[in-house]
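Index from 1, following the sequence. Hydrogens, waters and symmetry mates are skipped; everything else that's a heavy atom, side chains included, is used.
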Amino acid sequence: MAPSAAIRAVVLAIMLAASTLAIAGCEAGYIARAAYEEGLLLWRRKPIDTLLARSDLPTEVRAKLETALAVREFARDRLGLNVGDAYTTISEVDKGAIAWVVMAAPRDSLQPYTWWFPIVGRIPYRGYFNKDRAEAEAADMEQRGYDTMVRPAVAFSSLGFFNDPLLSNLLRLSRVELAGVIIHELFHRTYFLASDVMFDESAATYVGSAGAIKFFEATKGVGSADADAARGVLDADLKFAHFLNGEAARLVELYQSSLPRAEILKRRVAIFASINADYARLKPGLSGLERFDLDKEPLNNAVLINYLIYFHDLDSFAKLDHIYGGNLHDTIKAIIALAESNRENPFDPIERAARVGPLRAAAQPDNTQSTPSITSVPAPAPSVAP
């Protein structure tokens, strides 16, 4: 990247943050730090083509960089995503996580605690560039009576404000995982529904996994090992989403009961233990690339909400894709158009279209009460896709 272009990108990042400081009040320092970290990532960008020209580049690294460039071109030309110049550069990061994300929820509800930020609205997580600060925030929330979770974020999207670089930590992923992450983030760059993270992330999860299948089928062959692995990831996503829906419904029933709060908190312990055990039985039937640890990690509402945000109602996206004959380009256009038809409840028109087809769904009166099978899990807020 030319120095002048890098400087302009960094200045723009800082100006965007500075323009929100008056609005953000006590969040000014937090946002300024975010702008500083974003600026560093932009400043460190190096063209991937420059690295590929090196004769001493390790074979595995070369293959993954070439995959990244091929995926972005496929996403642009075959999926219709807004790619711009994203992922034509790479930024070196010296750790596996670029940030640490704090999530919180009441102990008797699957309603997430949300934080408000300029541009993106209310979101159910708060990121820190220092793990100790994230854990301190979580400890404070615990003292205030919330369930919490601290998790690493390994990728992000600037939602099209900048041409995001590929982060070097992503080169640790397999080619299949890498393709899915890039397409996931490019969906965020293409479409972003402010203050609805559950829709943004779930739609991106489906598009990322389905897009990886299409990419490897087109470039490696329908019967290739990579295409088979990508199909395994999407299959695991759909199975996991169905599993979460049923398990969360059990908690919802408890939380909405008329039992005393103390009794609710006592009974939820047994449900969490059952979820751990149920997942241990499900896990062997999932892809070897699955990313879930519900059989190992201590569960609370914040942990479950983290998964629910990314895996809500994936079956409706899959059914819509089937209606369009597996033409993911057209499915993506339909997802966006349907979401725009009801920005307050974007899952509703997608679910109706999955049942009766897009044209018939569009002709039916909107019914915002007929939504998710998991009616008690609200669609929270948007995302910078951590």
Side-chain angles (χ1 to χ4, degrees), residues 100-117 121-128 134-151 195-202 240-282 292-314 344-348 368-383 386:
W100 294 88
V101 174
V102 179
M103 302 187 69
R107 290 183 176 141
D108 58 355
S109 170
L110 285 178
Q111 170 78 40
Y113 183 92
T114 62
W115 289 264
W116 182 87
F117 296 100
R122 301 207 68 86
I123 63 174
Y125 42 67
R126 181 179 171 106
Y128 288 88
E135 290 178 340
E137 171 76 4
D140 179 66
M141 296 297 291
E142 289 276 353
Q143 287 291 322
R144 294 164 58 188
Y146 291 94
D147 281 348
T148 67
M149 176 190 191
V150 177
R151 64 173 176 84
S195 292
D196 200 332
V197 124
M198 184 175 281
F199 176 79
D200 292 325
E201 295 297 356
S202 293
F240 185 63
H242 180 75
F243 165 83
L244 281 176
N245 188 76
E247 299 291 349
R250 298 165 59 193
L251 284 168
V252 166
E253 183 178 3
L254 173 65
Y255 294 155
Q256 291 183 343
S257 71
S258 57
L259 292 171
R261 188 171 188 271
E263 182 64 20
I264 287 174
L265 297 185
K266 178 181 177 182
R267 293 192 183 190
R268 78 175 197 157
V269 173
I271 294 179
F272 287 148
S274 176
I275 293 172
N276 285 134
D278 291 346
Y279 180 72
R281 287 188 288 272
L282 173 70
F292 326 120
D293 292 311
L294 263 68
D295 55 333
K296 301 175 183 176
E297 59 188 317
L299 298 184
N300 62 34
N301 293 335
V303 171
L304 289 175
I305 287 171
N306 172 64
Y307 288 112
L308 287 165
I309 284 171
Y310 286 82
F311 294 91
H312 183 70
D313 204 19
L314 296 194
E344 293 300 314
N345 191 358
F347 283 105
D348 183 71
T368 57
Q369 302 303 313
S370 67
T371 316
S373 44
I374 226 182
T375 53
S376 55
V377 180
S383 106

**Study point:** Verdict with supporting geometry, Asn245 and Phe311, side-chain contact (heavy atoms from CB on, under 4.5 Å)
**Key:** CA-CA 9 Å; Asn245 188 76; Phe311 294 91; over 6 Å; no
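- At a cut-off of 3.5 Å, with distance as the only test, no side-chain donor of Ser257 or Arg267 sits close to an acceptor on the other residue.
- In terms of heavy atoms, Leu259 sits closest to Ile264 at O-CD1, 3.6 Å.
- Contact of the Tyr146 side chain with the Pro106 side chain is registered, since non-hydrogen atoms from C-beta on lie closer than 4.5 Å.
- The line from CG of Asp313 to CG of Leu308 is 11.5 Å long, rounded to the nearest 0.5 Å.
- Closest heavy-atom contact between Pro298 and Val303: O-CG2, 3.9 Å.
- Residues Val102 and Ala134 share a closest heavy-atom pair of CG2-O, 3.3 Å.
- Under the 6.0 Å cut-off for aromatic ring centres, Tyr279 and Tyr307 do not qualify, their centroids lying 6.0 Å or more apart.
- Note: Phe292 and Phe240 have parallel aromatic rings, judged against thresholds of 30 and 60 degrees for the angle between ring planes.
- Looking at Asn276, its side chain does come within 3.5 Å of a backbone N or O of Leu294 through a donor-acceptor pair.
- At a threshold of 4.0 Å, the pair Arg250-Glu247 counts as salt-bridged, since one of the basic side-chain nitrogens sits closer than that to a carboxylate oxygen.
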Practice item. Could you walk me through whether Leu304 and Ile275 pass side-chain contact (heavy atoms from CB on, under 4.5 Å), step by step? Key: CA-CA 10 Å; Leu304 289 175; Ile275 293 172; 4.1 Å; yes
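- Across all their heavy atoms, Ala105 and Pro112 have their closest contact at CB-CA, 4.3 Å.
- Residue Thr148 holds its OG1 atom at 8.0 Å from CZ of Arg107, rounded to the nearest 0.5 Å.
- Separating the CE atom in Met149 from the CG atom in Asn300 is a distance of 8.5 Å, to the nearest 0.5 Å.
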Review point. For Arg268 and Tyr255, what are the C-alpha separation, side-chain angles and deciding distance, and is it a side-chain contact (heavy atoms from CB on, under 4.5 Å)?
Key: CA-CA 9 Å; Arg268 78 175 197 157; Tyr255 294 155; 3.6 Å; yes
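- When all heavy atoms are compared, the tightest approach of Asp108 to Asn301 is N-ND2, 3.8 Å.
- Interatomic distance, OH of Tyr310 versus CG of Asp200, reported as 10.0 Å (0.5 Å rounding).
- A donor-acceptor contact shorter than 3.5 Å links the side chain of Asp196 to the backbone of Phe199.
- Counted within 6.0 Å of CD on Glu297, heavy atoms from surrounding residues, nucleotides or ligands total more than 12; the atom is thus considered enclosed.
- Residue Met103 holds its CE atom at 11.0 Å from OG1 of Thr114, rounded to the nearest 0.5 Å.
- Taking each heavy atom of Ile309 and Pro124 in turn, the nearest pair found is CD1-CG, 3.5 Å.
- The line from CD1 of Ile305 to CD of Gln111 is 7.5 Å long, rounded to the nearest 0.5 Å.
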